[in-house]
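Keep in mind that what you see is a predicted model, and the values were worked out from it rather than measured. Hydrogens, waters and symmetry mates play no part in the numbers below; they use all other heavy atoms, side chains included.
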Amino acid sequence: MDVRVIHLKRYFGTTRAVDDISFEFSAGNVFGFVGPNGAGKTTTMRILATLDDPTEGHVYINGVSLVDNPEKARCCVGFMPDTLPAHRDMTVHEYLDFFARAYGLRGVKRRGVVDSVEQFTNLSGIRDKFLRALSKGMKQRVSLARAIVHDPPVLVLDEPAAGLDPRARIELRELLRVLADRGKAILISSHILTELAEICNGAVIIEQGKILRAGPMEQILAGGSARRTVAIRIKGETAALHKELLQVPAVREARVVGEVVEIQTDGDEEIHCDILAHLVAKGFRITDFRQRQIDLEDVFMNVTKGEVQ
Amino acid sequence: MNRAWEPVSGRCDAPAAPGGPGGQRSQGAGFLAWARAGDWVNPVAVKEFRQAVQSRWVIGVLLIFLLIDLGIVGGYLAMTPEAATSSHGGRDVCGGLLTILLLTCIAFVPLYTGIRLSLERNDTNLDLLFVTTISPGAIVRGKYLTAMALTLLMFSVCMPFIALTYLLRGVDLPTIFFLLAHGFLFCAVANGLGVFAGAVSGSWFIRGVVDLGALLGLLYLAVVATALSQSVLMFGTGMVFSHMDWSEYGITLLIAGLGLGLLYVLSVCLLSPRSSNRMFVPRLYITGSWMLVGILMIALSHWERTPWPIESWVVCSGAAFAVLMVAALGERDAWSARVRQRIPRHPLLRLVAFVFYTGSAGGVLWCVLLYGITSVTARLWVGQMGLATTSFENLCGTTSFVFGYALCYCLTAAVLRVTVLRSVAPINVAATAIFVGVGVWLVPYFTAFLLSSDRFEEPSWCLLASPMVLATDDDAAKAAAPVLIAAWLCVGVWGGLAWMLGQFRRFTPYHAVRVSTEGNPTTAAGDGSDPATGAAP
């Protein structure tokens, strides 16, 4: 099962909500969809869920076009929107049962599936509560349960972790890992980038409807910035170390942060080894020399400008 | 969270929750059979029934309705000393009960159904109905079924009280059954109208116009249903049956049935994806209905040797196709790959498909063709049968004038579309035609009224650009109207030709899209057009 987004465009009048984006992800992968507010994430996800039509471009799920055959593609996609279910006069169980019926599940199978999804998402205890009476976190779970009730091979989750408490977030992460292990292709948008980085194999960074970075996570992190940050701690005066480091040609920037001197270099680990050897040769007694890992948050801050249309 | 979830096989590793469907397997065979039958009921209907029985709004209305019925019967019995001996007590109470029943069913149930569907079509709630594999037809049927079940519930609440009126004398059982059956038919049409209005989406203007039309339709149905029930109660079914024109009655029922079917296909069309060939089925249905009614009217005219059935056919067709023509302007003017894949390759079939498929220029052409055929057939038939009268000529002429004006407004909107309104959404072209029609009627009229020294003089010449000129007494202005329409049509057709031909050029078959495993999708036959919009390279 693979999902391919090809030259997708969605315009609202003069606003280019999605402006010619292309990316793909496949079964067993969790793909992060990252961008500032108004970047076009929800619009893209709504198109993937067949709730909106693109102005131009195509989305294929296993070769089936969402534009040409939205009805056929719907059985392959489970969509969790950023708006939560708040329908009147409906309990959690009735809500899930309706979707199971709507996806064509019948009889014992339907009852079994609804029960097991309720168990899976910890909804069994509140199955007879009305949707309107639920907290935001509980509604998120109902929404997720709804998205997986027909066991779709592709899951499109729009901000699933928003409003969840820490325990529920960890549980959600676990759940997504289980789903990915079962061969689901998952596209997930979130503003909590540290969590995304932990579970995603790949990511798309989008701003003003355009893709800024896309690909496997290693590639994104590697391409985030050419500069590396190294934190150095010594036994003794940091001022002397700072002065010495500023004279090393490979060091682009050096600053004292408490008892640590942080330097930025353009080079790779070879250069770091040379710097370390140089400092030892100069007689500095180094207690800690650590390269700081670049994470998704750094890449995001580096590549986006925070502009909205 | 429990990792034991196995949705594909439907296996549930965890014990089923007590009281839930999974835990009800130990119950009797009757329950199981009932549950199995319930599996095949429309999912939307199941959801709606569940919501309706839990809705305070529905329960509140039912209770109020019950109290009003109790009040009418109890009040009559308690406050009318001659209740036991009166020969018309049953008729009076039955009239009151029926009026309350019809007003409640025709006002409340369609409004409740329409508002619920409209809320579910709202952007924030779209997930409820529109991400599943359930078809638009099933959604409409589910909503309609629930509305009819609610109506039946209302009727069943009222039934014991109406049965009591039989004991009070003044009304017979056939009359009661006749009125209940007809009341139910009126409610069926009202519910169809409610579902249709709820299915409309788009701008507030379009929804406002449709909702206003639906409300007026409900008001009309309520007034006619109540008036019919009162007159039948007054004279009794014996009198009604002995004086009834059964052919008229049959045609009225047929037209009501066809109208209900039309509301169904239009509601399905409104809920279908935008990329689909939405208007194809409604156009086929309307063409079929138009032909059926036309044949019946011609047969009736031949049988009764009178032109009135033909007159009715011409007037109704003219009004319907004028409205449909304005609505057609709001359809798409570029086709999705999904529609283009179904366009026939044969030039003649392609032309037929252009007229019947979704598309604004094709829609306008379809309306003009059908109205043209209606008008020519009517004149030929009436002339052939020697039934032509001045009244027939006037009626046909007036209808053609009104249709001609509508066509002028549509062509003007089409010309504006290709000149100054290139970037607006297609739906706004229909709104432009309405604004043109209202503008050329009201602006000159009020300008002339304000500038005129004699406020009592009718400014008939200022109404020349609208069909209202036909309602004035100024014969000179009336005589000038055909000249104006002819000139306007010539200019409109000339200007709109680019619009229509442009669409016909874009209405070309699309070669199947093949997705390569590595690169971007390519068109098999390589026509070079854009796969999503169908735009030429």
Side-chain angles (χ1 to χ4, degrees), chain A residues 4 6-7 13 49-51 53-58 60 63 65 67-71 74-75 77 79 81 83 85 87-90 93-94 97-99 101-122 124 127 146 148-151 171 174-175 178, chain B residues 1-14 16-17 19-25 35-36 39-40 43-44 46-47 50-56 120 123-135 138 273-276 336-338 341 423 513 515 520-521 530-533:
Chain A
R4 301 179 61 215
I6 300 162
H7 298 302
T50 73
L51 287 175
D53 287 337
T55 309
E56 276 182 41
H58 268 269
Y60 292 94
S65 167
V67 180
D68 296 341
N69 284 305
E71 296 93 344
R74 277 178 190 169
C75 62
V77 183
F79 177 54
T83 51
H87 307 291
R88 296 185 74 90
D89 312 316
M90 212 178 200
H93 181 76
E94 287 167 353
D97 184 67
F98 164 68
F99 278 97
R101 284 173 189 267
Y103 281 113
L105 296 170
R106 296 275 181 265
V108 177
K109 183 175 175 180
R110 189 192 75 243
R111 288 187 280 276
V113 165
V114 173
D115 283 348
S116 60
V117 167
E118 285 170 357
Q119 292 275 339
F120 188 54
T121 48
N122 269 354
S124 300
R127 54 182 278 160
R146 199 288 312 279
I148 61 174
V149 79
H150 60 298
D151 192 27
E171 285 180 347
E174 286 290 305
L175 172 67
V178 173
Chain B
M1 296 192 187
N2 187 342
R3 290 193 184 190
W5 176 54
E6 287 291 346
V8 177
S9 61
R11 196 186 81 211
C12 178
D13 291 348
Q24 289 166 335
R25 286 171 208 134
R36 265 188 225 115
D39 275 337
W40 299 102
V44 178
V46 173
K47 177 188 83 71
R50 282 173 171 169
Q51 286 181 286
V53 295
Q54 283 167 157
S55 163
R56 287 179 190 165
E120 284 167 4
D123 264 358
T124 54
N125 269 338
L126 271 177
D127 62 295
L128 190 61
L129 294 178
F130 301 97
V131 293
T132 69
T133 48
I134 198 162
S135 68
R274 265 179 279 180
S275 59
S276 65
S336 65
R338 179 178 174 164
Q341 281 166 8
S423 57
V513 174
V515 186
N520 288 344
D530 189 289
T533 60

Does the side chain of A/Asp97 come within less than 4.5 Å of B/Arg50's, by heavy atoms? yes
Minimum heavy-atom separation for B/Gln54 and A/Asp89, please, with both atom names. NE2-O, 3.0 Å
With side chains defined as the heavy atoms from C-beta onward, is the minimum distance between A/Phe98 and B/Val44 less than 4.5 Å? yes
Most heavy-atom pairs under 4.5 Å with chain B, out of A/Cys75, A/Ser65, A/Gly104, A/Pro70, belong to A/Pro70
Cut-off 3.5 Å, side chains only: do B/Gln51 and A/Glu94 have a donor facing an acceptor? no
Under a 3.5 Å distance rule, please check whether B/Thr132 uses its side chain to pair with a backbone N or O of A/Phe99 as donor and acceptor. no
